[in-house]
Asker: 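Would you mind keeping the following structure in view while I ask a few things?
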Number of protein chains: 2
Amino acid sequence: MDRGPHVTLADVARAADVSLATASRALNGTTKVGSDLRERVLAAAEELAYTPNAHAQMLAGASKRTVGVICHDVSDPYFAGVARGVMRVADENGLLVMLASTFRDPQKEVAYVSALRAQRASAIVLIGSGFEDKAWERALAAEIEPYRRGGGQVAVVSRHRNLRVDSVQPANRQGAADLARALLELGHRKFAVLAGPRSLTTVGDRLAGFRDALADADVTLAESDIVTSAFTRDGGYQAMSELISRGLTATCVFATTDVMAIGALTAAREAGLSLPGDVSLAGFDDIPVVRDLTPPLTTVALPLEQLGERAMELAISDNRRSRSRVLRVAGEVVLRDSTAPPRG
Amino acid sequence: MDRGPHVTLADVARAADVSLATASRALNGTTKVGSDLRERVLAAAEELAYTPNAHAQMLAGASKRTVGVICHDVSDPYFAGVARGVMRVADENGLLVMLASTFRDPQKEVAYVSALRAQRASAIVLIGSGFEDKAWERALAAEIEPYRRGGGQVAVVSRHRNLRVDSVQPANRQGAADLARALLELGHRKFAVLAGPRSLTTVGDRLAGFRDALADADVTLAESDIVTSAFTRDGGYQAMSELISRGLTATCVFATTDVMAIGALTAAREAGLSLPGDVSLAGFDDIPVVRDLTPPLTTVALPLEQLGERAMELAISDNRRSRSRVLRVAGEVVLRDSTAPPRG
DNA sequence: ACTCTAACTGAAAGCGCATTCACGAACTCC
DNA sequence: GGAGTTCGTGAATGCGCTTTCAGTTAGAGT
């Protein structure tokens, strides 16, 4: 029970009375090794509770079996769902997943990419919306590009404007448009939107899709009908509260994410509004829990895990080609009880 | 733009026309380096987009700045909350967090510990209940012990029976007992429990606390009043459905986790039961979303993030002492609208 | 029996970096 | 002004492992 550093291959080799090379080969099974020696080595390794030093292996040329996943917030069901998909595929391929959470700090995102690069992770998957921020995108690109040049694979879930990498893009625009049409069909003509930070491509796309579909039906969405807030439950709560305190004129509220819709739902309930009687509410993403709300939330269902799976698949397959691939994943409107024809 | 492997320190040194040693020193700032040379090195590094190879650094003796966190399922809000706490503290200490999800596969848990050990992570935090399974605990211990001998720090959130490591333990027993007393006080005398897998210490503890408190009030909880199911939303849904199909006699149902309670809530609603009129429902954990359910869920509030923070703090401080430390964190009953006095 | 593969095994060369050693130069101190 | 310091730098070593490369031994071929 020595407290010494770590048991090394050399220790194992010595215990088994073989050369270092033989010990390595016996453990890895890359080359034929006499069965007697192999037995001895295996026994010694077991005995000493030997675990190879992954860093040394890496340095010596073994290929990396680690992929990094960077998301904004692991405790947000959207990211958790996508991350789950990524992990499933990674797991099937014997890859270890290193999941990092930036808590929406762009600087931290860059830092994590840098760290992953330092670790020579074989792939990096970025989950989450790009910011429409040139400076930030540039800093990120400054890490991503050398990483790719060095042989790293990169895939992104969501739309990034200036990153030339493979990506899986939820059809935010189409989904929001479909949703708008469904709501119009219910008879709504007066809408309000609870939006996340406008600098996110996801928000921009969903907003654009929604607004365009309304415009096609000659319904206009004024800027004053859009309340911007944080991309969180509390953000949704605040936005909805503000809308209500202003005097709610809309018959239907669209929250750009389900998480925000959840906050909005509670805000409405606390204000004494009944759903969908007094106002209809719709979200986007179809995170699992919205089915369990009262009333269950109308939303645009995105196959979250699938998004992650596809991204991981892109990252696994060789992506050093000239053009970057884009996988578009459609969302499907799911009408539940939080929406109904407007009263009267 | 060579597609060669990676830019190395040697490349930088060559470009700056200094020795490798000087380049290293200039970059790390460990020793004084002439400002002119330092400038040259920094410029060259920038120019070449150099990122040190973390593996080489590690191998050469740098101390690891990575901690591993292993949980059952990142998409479960309970784990997400705790993980968030861990990450916050890790982040404050400049540590990188590698979060892994075992999807409740004990074998995978062992595999991840092994992998983290191979990477010489400076600490490992295990989130989640121990299994009352000797064989499994032994396999885990066989990884953990050599890891600790090698200088690794380990902390656990939850109670593990045969693991002699520092731990943060939610007061499951006390919390459940407090909850039971609160429910008794409301007037309930007939209970049912939706339990997770009985082999988990968490389930065992919560069940024991609940049952004991009932017994103190001369209320018995028969084995038939306990429905066992998976520790998930669907598990809760199924368990509640079964309870209902059997003919619900209890006036109050206790789900051993909020996640199960969510499923139970929907099952009840779909069966036409109104809460808390027809039946009261209580959960455990106080994950964020239960506040937004209708009705908001009565539960035992555990400071999830704090659990993670304490665990990380334990893991950061030197824990190679003779006795392992145990931090007990109390839960607090939060009465919301899902519980009410029994009808009549 | 003698050479010629085949099959193993050991010695040694790095992988990229931090670091210790050794060395010359610029100072400091009676 | 010669001996005793710093101070800055380069050369060289080693971290633990995989992988040539070069043996060594045994079996095959004629």
Side-chain angles (χ1 to χ4, degrees), chain A residues 4-42 44-45 48-65 115 117-122 146-147 150-151, chain B residues 4-42 44-45 48-65 115 117-122 146-147 150-151:
Chain A
H6 275 277
V7 176
T8 73
L9 222 209
D11 296 328
V12 175
R14 202 174 309 120
D17 192 32
V18 297
S19 77
L20 214 153
T22 302
S24 171
R25 287 188 278 244
L27 259 6
N28 298 314
T30 50
T31 317
K32 281 276 151 282
V33 173
S35 54
D36 46 340
L37 290 196
R38 152 174 285 113
E39 297 281 307
R40 285 222 306 273
V41 172
L42 261 30
L48 298 171
Y50 167 74
T51 292
N53 183 323
H55 299 293
Q57 291 191 144
M58 256 311 290
L59 237 205
S63 64
K64 231 324 188 186
R65 310 295 309 164
R117 182 149 91 92
Q119 302 203 18
R120 303 297 185 264
S122 68
Y147 174 69
Chain B
H6 275 277
V7 176
T8 73
L9 223 209
D11 296 327
V12 175
R14 202 173 309 120
D17 192 31
V18 297
S19 76
L20 210 149
T22 302
S24 171
R25 287 188 278 245
L27 258 7
N28 299 312
T30 50
T31 317
K32 283 276 150 283
V33 173
S35 54
D36 47 339
L37 290 197
R38 151 173 286 114
E39 296 280 309
R40 285 222 307 270
V41 172
L42 262 29
L48 298 172
Y50 167 73
T51 293
N53 182 324
H55 299 293
Q57 291 189 145
M58 257 309 289
L59 200 52
S63 65
K64 234 319 189 185
R65 310 295 307 163
R117 181 149 91 93
Q119 302 204 16
R120 303 295 183 266
S122 68
Y147 174 68

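Please read all numbers here as calculations on a predicted model, not as lab measurements. In what follows, every chain begins at residue 1, and chains take the letters A, B, ... in the order their sequences are listed.
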Asker: What's the separation between atom CG in A/Leu27 and atom OG1 in A/Thr22, rounded to the nearest 0.5 Å?
Answerer: 11.5 Å

Asker: Does C/dC17 have OP1 or OP2 under 4.0 Å away from a side-chain N or O of B/Ser24?
Answerer: no

Asker: If each of A/Arg25 and A/Leu9 is mapped to the nucleotide of DNA chain D with the nearest heavy atom, which maps nearer the 5' terminus, i.e. the 5' end?
Answerer: A/Leu9

Asker: Between residues 48-56 of chain A and DNA chain D, which residues have a heavy-atom gap below 4.0 Å?
Answerer: A/Tyr50, A/Pro52, A/Asn53, A/Ala56

Asker: Give the minimum heavy-atom separation between A/Leu48 and A/Ala15, together with the two atoms involved.
Answerer: CD1-CB, 4.2 Å

Asker: Between the axis at one end of the helix from C/dA1-D/dT30 to C/dC30-D/dG1 and the axis at the other (five pairs apiece), what's the angle to 10 degrees?
Answerer: 40°

Asker: Mind calculating the distance between CG (B/Leu27) and P (C/dA18) to the nearest angstrom?
Answerer: 8 Å

Asker: Between B/Leu37 (CG) and C/dA25 (P), how many Å, whole number?
Answerer: 16 Å

Asker: Specify the closest pair of heavy atoms between B/Leu37 and B/Val18, including all atoms of both residues, with the distance to one decimal.
Answerer: CD2-CG1, 3.9 Å

Asker: If only atom types and distance count, is the side chain of A/His55 paired as donor or acceptor with the main-chain N or O of B/Gln119 below 3.5 Å?
Answerer: yes

Asker: Expressed in angstrom and rounded to an integer, what is the separation of B/Leu59 atom CG from D/dG16 atom P?
Answerer: 7 Å

Asker: For A/Arg38 and C/dA7, what is the distance between atoms CZ and P respectively, to the nearest whole Å?
Answerer: 15 Å

Asker: Whole-Å distance between D/dC15 C1' and A/Met58 CE?
Answerer: 15 Å

Asker: Hey, what do you get for CD (B/Gln57) to CG (B/Asn28), rounding to the nearest 0.5 Å?
Answerer: 6.5 Å

Asker: Report the distance from atom CZ of A/Arg120 to atom OG1 of B/Thr51, rounding to the nearest 0.5 Å.
Answerer: 6.5 Å

Asker: Once you round to the nearest 0.5 Å, how far does OG of B/Ser35 lie from CZ of B/Arg40?
Answerer: 11.0 Å

Asker: Can you list, by residue number, the residues of residues 15-23 of chain A that have a non-hydrogen atom closer than 4.0 angstrom to DNA chain C?
Answerer: A/Ser19, A/Ala21, A/Thr22

Asker: Between B/Asp11 (side chain) and B/Thr8 (backbone), is there a donor-acceptor pair under 3.5 Å?
Answerer: yes

Asker: Is B/Gln57 near enough to C/dA18 that one of its side-chain N or O atoms lies under 4.0 angstrom from OP1 or OP2?
Answerer: yes

Asker: In whole Å, I'd like the distance from the CZ atom of A/Arg40 to the C1' atom of C/dG10.
Answerer: 14 Å

Asker: Using modelled atom types only, decide if a donor and an acceptor are shared between the side chain of A/Tyr147 and the backbone of A/Ala121 within a distance under 3.5 Å.
Answerer: yes

Asker: What is the distance from atom CZ of B/Arg14 to atom OG of B/Ser19, rounded to the nearest 0.5 Å?
Answerer: 12.5 Å

Asker: To the nearest angstrom, how far is B/Arg117 atom CZ from D/dG16 atom C1'?
Answerer: 15 Å

Asker: Starting at the 5' end of DNA chain D and moving along, which residue's nearest nucleotide shows up first, B/Asp36 or A/Ala10?
Answerer: B/Asp36

Asker: As an exercise, state the distance from CZ of A/Arg117 to CG of B/Asn53, rounded to the nearest 0.5 Å.
Answerer: 11.0 Å

